[in-house]
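Reviewing the structure listed below.
Read the numbers this way: they start at 1 and go in the same order the structure lists the ligands and their atoms.
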Amino acid sequence: MESNASSMAHLFLILSVMFTLFSSSNGVVKGAFEENFSKSCPGTHFKTSEDGQIWYLTLDQVSDCGFITKQSYRFGWYSTKLKLVGGDSAGVVTAFYMCSEVEAGPLRDEIDFEFLGNRTGQPYLIQTNVYNNGSGGREMRHQLWFDPTLDFHTYSILWNSHQIVFFVDQVPIRVYKNANHTNNFFPALRPMYVFSSIWNADNWATRGGLDKINWKNAPFVASYKDFTIDACPWKNPYPACASSTTQHWWDQNNAWHLSSKEKIDYAWVQRNFVVYNYCQDTVRNKYKPQECWLNPLD
Ligand SMILES: *[C@@H]1O[C@H](CO)[C@@H](O)[C@H](O)[C@H]1NC(C)=O
Ligand SMILES: *[C@@H]1O[C@H](CO)[C@@H](O)[C@H](O)[C@H]1NC(C)=O
Ligand SMILES: *[C@@H]1O[C@H](CO)[C@@H](O)[C@H](O)[C@H]1NC(C)=O
Ligand SMILES: CC(=O)N[C@H]1CO[C@H](CO)[C@@H](O)[C@@H]1O
């Protein structure tokens, strides 16, 4: 009996070690910058805090700055905490996005969070967009219910075969459903890299390009921390990440729809913070794109 119990305990220990090993190789990415990311700017424009936990990206007249995951992923949960450039940040765009190509090629898929700076005291706008096979034009713009330059807030993307959800501090601000028709406009096939960047977009970003960057305020610094990717790392051959062969939490029934609490939060955002919705833009779209007819609460 005695020896049985101890060998059971032994087996249990081995199993939990194996479980730990497997779960840490399952695509959860936290911290450790160089291991998981490459930067695309001079060292002067990318700095970290002493403990390596906060990453500072700088834009000035010499350079912009960005970083990208070494690995690509298909479906999952992508999240970061971000503190935006304060003061006069008109023309500066900070981004957290996903793209199927390292260099923005003509047939890319993309899921974007873009933070459009503004003059001191004027509100930042969040622009989100979805690209499918090289076409975009799915912009929405939201105001925020807080000042995103004062502190870190969490911005997250949930991506699975049924929906793309953009979250701000766990509040779903936008739900983009999969129409699933033969001509649907939903990026689901190609794995994507995860990017972050800060750059000069004063030809379009603030009041349609009227407000230019005031370089006297440079350098502009955006701060990132707690980058989390809980997703399926892409491996050949396809379909290593296909939903039918896996049981990841992000591709199960609960993640295919908003929860009832999320539906209430979503409705609150729709009532109070939407500034622009391409689905309502009859000047740009004579016919409503088909995904606009889908119910985000389904
Ligand atoms: C993407 O667009 C290209 C060029 O228009 C087309 O040849 C290709 O079939 C498209 N791919 C998908 C997956 O829609
Ligand atoms: C879309 O179609 C595919 C293939 O028929 C199916 O596996 C998937 O569950 C469908 N998705 C939705 C959102 O209906
Ligand atoms: C910047 O502030 C102006 C004035 O309040 C506002 O009209 C605009 O929507 C704000 N954001 C952007 C990105 O232009
Ligand atoms: C996908 C990937 O490269 N993941 C790595 C991220 O960094 C951790 C260590 O912090 C590694 O264990 C992962 O393999």
Side-chain angles (χ1 to χ4, degrees), residues 59 72 74-75 82 84-101 103-150 153 155 159 161 164 166 168 173-174 176 178-192 197-214 217 220 222 234 236-239 241-243 269 272-278 280-281 283-284 289-291:
L59 165 71
S72 63
R74 183 167 172 266
F75 299 156
L82 182 50
L84 298 166
V85 178
D88 184 353
S89 61
V92 176
V93 169
T94 307
F96 165 50
Y97 65 105
M98 310 181 46
C99 185
S100 57
E101 301 191 18
E103 305 287 340
L107 299 182
R108 68 192 189 273
D109 289 348
E110 212 177 287
I111 304 173
D112 302 332
F113 254 122
E114 292 177 308
F115 305 89
L116 316 184
N118 217 329
R119 295 284 174 227
T120 307
Q122 301 303 319
Y124 256 82
L125 290 184
I126 289 194
Q127 171 164 299
T128 52
N129 201 358
V130 175
Y131 276 74
N132 183 51
N133 202 26
S135 325
R138 266 63 184 174
E139 293 92 351
M140 278 191 82
R141 287 184 176 189
H142 292 77
Q143 274 195 24
L144 291 163
W145 49 95
F146 52 83
D147 181 345
T149 70
L150 295 181
H153 289 270
Y155 304 93
W159 177 37
S161 57
I164 294 164
F166 297 87
V168 175
I173 63 158
R174 176 172 186 186
Y176 186 89
N178 188 1
N180 221 22
H181 302 147
T182 47
N183 64 341
N184 72 41
F185 193 96
F186 189 92
L189 298 178
R190 301 184 181 98
M192 301 201 215
S197 57
I198 184 169
W199 81 94
N200 171 1
D202 72 2
N203 59 336
W204 63 270
T206 311
R207 289 199 305 129
L210 291 176
D211 286 311
K212 300 300 178 193
I213 290 188
N214 184 347
N217 300 315
F220 302 101
W234 184 257
N236 277 326
Y238 179 83
C241 296
S243 47
V269 170
N272 296 294
F273 301 103
V274 176
V275 173
Y276 175 82
N277 182 354
Y278 76 101
Q280 256 99 61
D281 189 338
V283 177
R284 265 174 88 196
Q290 72 170 40
E291 73 278 1

Among all protein non-hydrogen atoms, which one is nearest to [atom], and what is the separation to 0.1 Å?
atom: atom 5 (O) of ligand 3; answer: Q122 OE1, 2.5 Å
atom: atom 13 (C) of ligand 1; answer: L189 CD1, 4.2 Å
atom: atom 10 (C) of ligand 3; answer: N118 ND2, 2.4 Å
atom: atom 6 (C) of ligand 1; answer: N133 ND2, 4.2 Å
atom: atom 9 (O) of ligand 3; answer: L125 CD1, 3.7 Å
atom: atom 4 (C) of ligand 1; answer: L107 CD2, 4.0 Å

Against heavy atoms of L116, which atoms of ligand 3 measure under 4.0 Å?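 Heavy-atom distances to L116 below 4.0 Å select 13 (C).
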Backbone or side chain, does any N or O of R190 fall under 3.5 Å from an N or O of ligand 1?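 No: no nitrogen or oxygen of R190 is under 3.5 Å from one in ligand 1.
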Donor-acceptor side-chain pairing of R108 and S100 below 3.5 angstrom: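 R108 vs S100: no donor-acceptor pair found between side chains.
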Does one side chain, of R141 or N277, offer a donor that lies under 3.5 Å from an acceptor on the other? no
Ligand 3 N/O within reach of R207 N/O, cut-off under 3.5 Å: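 Yes, R207 has an N/O under 3.5 Å of an N/O on ligand 3.
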Residue pair Y155, F115: steps toward the ring pair (Phe, Tyr, Trp, His ring centres under 6.0 Å) verdict: CA-CA 11 Å; Y155 304 93; F115 305 89; 4.7 Å; yes
With a heavy-atom distance limit of 4.0 Å, tell me whether A205 approaches ligand 3 through its side chain, its backbone, both, or neither.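 Backbone only.
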P123 meets the side chain to side chain contact (heavy atoms under 4.5 Å, CB included) criterion, sequence neighbours left out, with N118, Q143
Can you tell if the side chain of I126 reaches within under 4.5 Å of the side chain of V168, non-hydrogen atoms only? yes
Side chain to side chain, H142 and V269, heavy atoms closer than 4.5 Å: yes
Is R138 positioned over the aromatic face of Y131, cation under 6.0 angstrom from the ring centre and no more than 45 degrees off axis? no
